[in-house]
Amino acid sequence: MKPLKEKISITIDEDVLKELKLRAESDDRSLSQYINIILKKHIKEDK
């Protein structure tokens with residue numbers, strides 16, 4: 001069973017969003033999937 005996900009709304013700088021979209025596309029992922037992956041990685045590395 002997949003973990004539950006929650007929708008949120010955030011405000012993000014235009015240049016950051018543009019870069020995230022490019023990276024997500026090059027990784028063949030949706031923007032949402034890509035952001036989730038990099039946030040999980042950051043949290044893991046920050047512990």
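Residue indices begin at 1 and follow the sequence shown. All values below were derived from every heavy atom in this structure, side-chain atoms included, with hydrogens, water molecules and symmetry-related copies excluded.
For the atom pair CG (Leu22) and CG (Asp27), the distance works out to 12.5 Å, reported to the nearest 0.5 Å. Taking OG1 of Thr11 as the start and CG of Leu17 as the end, the distance is 11.0 Å to the nearest 0.5 Å. Here the NZ atom belonging to Lys41 is positioned 9.0 Å from the CD1 atom belonging to Ile38, to the nearest 0.5 angstrom. Taking CD1 from Ile35 and CG from Leu31, the interatomic distance works out to 4.0 Å, rounded to the nearest 0.5 Å. Between the CD1 atom of Ile8 and the OG atom of Ser32 there is a distance of 9.0 Å, given to the nearest 0.5 Å.
Within the 3.5 Å criterion, the main-chain N or O of Ser30 finds a donor-acceptor partner in the side chain of Gln33.
Ile37 and Ile43 fall into different hydrophobic clusters, where Ile, Leu, Val, Met, Phe, Trp and Tyr side chains are chained together by heavy-atom contacts under 4.5 Å.
Counting non-hydrogen atoms of other residues, nucleotides and ligands closer than 6.0 Å to CG of Asp28 gives a total of 12 or fewer.
Between Glu19 and Arg23 there is a salt bridge, since at least one side-chain N of the basic residue sits less than 4.0 Å from a carboxylate O of the acidic one.
Every residue was checked against the side-chain hydrogen bond (donor to acceptor under 3.5 Å, both in side chains) condition with Asn36, not counting sequence neighbours, and none meets it.
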